[in-house]
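Proteins come first, then strands; the chains are lettered A, B, ... in the order of their sequence lines, and each starts at number 1.
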There are 2 protein chains.
Amino acid sequence: MDEDKTTRVMVRNITDLARLAGVSPGTVSRALAGKSLVNTKTREKIEALAREHGFRPNQMASGLRRQKTGVIGVVIPLGHDSRQQISDSFFMTLLGHLADELTREGYDLMLRRVVPEDDADWLDRFIGSGMIDGVIVIGQSDQFDRIEDVADGYGPMVVWGNHTEGQRHCVVGTDNRLGGRLAAERLIAAGATRLAFLGDTTAMEFAARFAGAQDIAARMGLPPIITLPTHLSPDRASEEIAQHLAARASQIDGIFAATDTLAALCLTELRACGIAVPGDMKLAGFDDLPIARQTVPPLTTVRQDIAAGARGLVDLLLRRLAGEKTESLVLPPQLVVRATA
Amino acid sequence: MDEDKTTRVMVRNITDLARLAGVSPGTVSRALAGKSLVNTKTREKIEALAREHGFRPNQMASGLRRQKTGVIGVVIPLGHDSRQQISDSFFMTLLGHLADELTREGYDLMLRRVVPEDDADWLDRFIGSGMIDGVIVIGQSDQFDRIEDVADGYGPMVVWGNHTEGQRHCVVGTDNRLGGRLAAERLIAAGATRLAFLGDTTAMEFAARFAGAQDIAARMGLPPIITLPTHLSPDRASEEIAQHLAARASQIDGIFAATDTLAALCLTELRACGIAVPGDMKLAGFDDLPIARQTVPPLTTVRQDIAAGARGLVDLLLRRLAGEKTESLVLPPQLVVRATA
DNA sequence: ACGCAATTTGCAAACGATTGCAAGATTCCT
DNA sequence: AGGAATCTTGCAATCGTTTGCAAATTGCGT
């Protein structure tokens, strides 16, 4: 009955709880925040009451007063190639790791997908919303310039993407160019001499991978690598790959795919065309997603360390939140030789 | 110069802007909110100033005052099998679609992964934070009871998962039991008579799929389906599958995998054992993820309509936010016959 | 020119938590 | 016991926006 009476009272805010505990709101606030200024006994009493009534301080109010929200924004700009990009395995895995890392550091994660062409100031909007303490941008897409602009006036931002000499925003990413070199070297070592790059080279990361491969082709005195542009969504890509193969398969004996996902699709199409891998055609991918182990034959690829990437992003962001000025972080790719090259 | 002078002023809040515009904060608020109560000319002037200074009202403050945040929480409870579940293709694809749908409805998405066993009141914490207007729970994991408890006192919650007769929380999900029936029927039609279920049946969805398959086996007078429990993370699963096959392969001629991901791994292991699919062993998966088309041979599976699921989740949640009491939504699965059964 | 209705605006009190400052209560030392 | 030093607490302002109410302005008809 006594419990009944107390439980019946609705505790909506710190003031209600203060009344119950017979103290002032300020004391409750301090107690719940675990500050040392409050007497152990009162603190315990307050904590007990809070638990009993399932009360938790309102984060919005707290955020407003403290001018920090405990939330990090994660934004994925979708290029022209909007669709599917977010369900792309790579980004999703990265997102998963980010969620882990941020949680571990006590932050929440607010996810936003944006289509920059429909919404020019997507980045300022997010930052200016007052809802987030900092922002992680996943993928530069074709928004390099806008990101640069914002970086000048806003500190707590870190971007996953490609590092370009002299850029002003803090970026974390794999050394794509080096990765491209590794892939090309492997294809050539496996016997290929006429290479093609499968993927859309207008995306910065992909362009760098292509450039790396081209470095090697040139150094080896091989003919320039031809490009076979595709979209990223599986349905369109399959079709486009089939067309590319129909038109070009006879002119090449090695394919460097921008992504494992593309490589896997390509493998399927090659099989459909009756082209043997690695016999008639060498193939290399990029990312080392789980699927790379499961294709038949398993895929030779270039690994990106996604977990390290996520850790880097969060670590740099926290340092920037603390006011530090941080350099970009470029991670080394690693060649993983399996059976396709 | 005149522009210089104005641009130099930092506009941090609605009051600053009001001063610039020569009106009161209230008017600025109304103007920016697009209310009809404010004169068209003043509104335009205010909007112009806001644009010029890149000012946006603080969402925290607005949320506090209006008692709604415009944010929907999406929480993924990770079972004992913590790892990897979030990068599971299925959940990630669902998450992508959710992000789309919520954005379209003008909501932001706050993502939280939780490990219920480390943190008993994960759900109340999220709800009580004051940061979200409603919550979508992705997967019941082993938290059915806790979710039921919460559902009694909190309206705006919708859960992705399995529907159980008489449950009190609003759920959206595929009819797993029916899906299980479809898969078993197909395996049997393809010639299998001694079936196994690959996956952890303590997860509710999986248990229902298993039960469905068992329905059919019983009806057909076949021996009971044996279960081959596994974890979900690819590394552990591979190993476990290999062990299962070593021990049991000779006793069975058909496998119903709880997930396409597991089916694909299983296919790889079968190949390693030299067991022909579908010759010596029929195989069916569940989900119809992109990978199902890319395995060799391509996978027979049961499709879940993920996009429809996401739409359902958001639609029901919005209705509940509006105060409606909604029923659960059970989506029909669809058999997709490819080459493994 | 006057009165009444319809528009626009301003005022000030919320929303719920935090925190500098000062007052009140304890402790401790002599 | 007296007084200084240390702990605890309460007070009240503050974060930035929204909104009910009332005041001020405008428009309109006569």
Legend entry - Side-chain heavy atoms of A:V114 within contact of A:I76, under 4.5 Å: no
Legend entry - 4.5 Å side-chain heavy-atom contact, A:L94 and A:I138: yes
Legend entry - A:D133 and A:V71, any side-chain heavy atoms less than 4.5 Å apart: no
Inset, instruction - Report the residues that fulfil ring-ring contact (aromatic ring centres under 6.0 Å, His included) with B:Y154, sequence neighbours left out, ordered by chain and then residue number. - result: none
Legend entry - Ion pair check, B:D315 and B:R319, cut-off under 4.0 Å: yes
Legend entry - Within-4.5 Å side-chain heavy-atom neighbours: B:V137 and B:W160: no
Pairs: protein N or O with nucleotides 22-27 of chain C N or O, under 3.5 Å:
none

Inset, instruction - Give the C-alpha distance, both sets of side-chain angles, the deciding distance and a yes or no for side chain to side chain donor-acceptor pair (under 3.5 Å) between B:R320 and B:T326. - result: CA-CA 7 Å; B:R320 299 194 134 240; B:T326 63; 2.8 Å; yes
Legend entry - Net bend of the helix from C:dA1-D:dT30 to C:dT30-D:dA1, end axes of five pairs each, nearest 10 degrees: 40°
Legend entry - Heavy-atom check, side chain of A:R56 versus side chain of B:R125, under 4.5 Å: yes
Legend entry - Pairs flagged by salt bridge (Lys or Arg N to Asp or Glu O under 4.0 Å) wherever residues 148-162 of chain A is involved - sequence neighbours left out: A:E148-A:R168, A:D152-A:R168
Only pairs under 3.5 Å count here: list side-chain donor-acceptor contacts from residues 9-17 of chain A, not counting sequence neighbours, and write none if there are none.
residue : atom : partner : partner atom : Å
A:N13   : OD1  : A:T15   : N            : 3.1
A:N13   : OD1  : A:D16   : N            : 2.9
A:D16   : OD2  : A:R12   : N            : 3.0

Inset, instruction - Would you kindly give the CZ-to-C1' distance between A:R43 and D:dC7, to the nearest whole Å? - result: 13 Å
Inset, instruction - To the nearest Å, give me how far apart NZ (A:K68) and P (C:dT18) are. - result: 12 Å
Inset, instruction - Give the B/S/- string for nucleotides 15-28 of chain D, one per nucleotide from 5' to 3', where a protein heavy atom under 4.0 Å of the base yields B, of only the sugar-phosphate yields S, and otherwise -. - result: BBBBBB--------
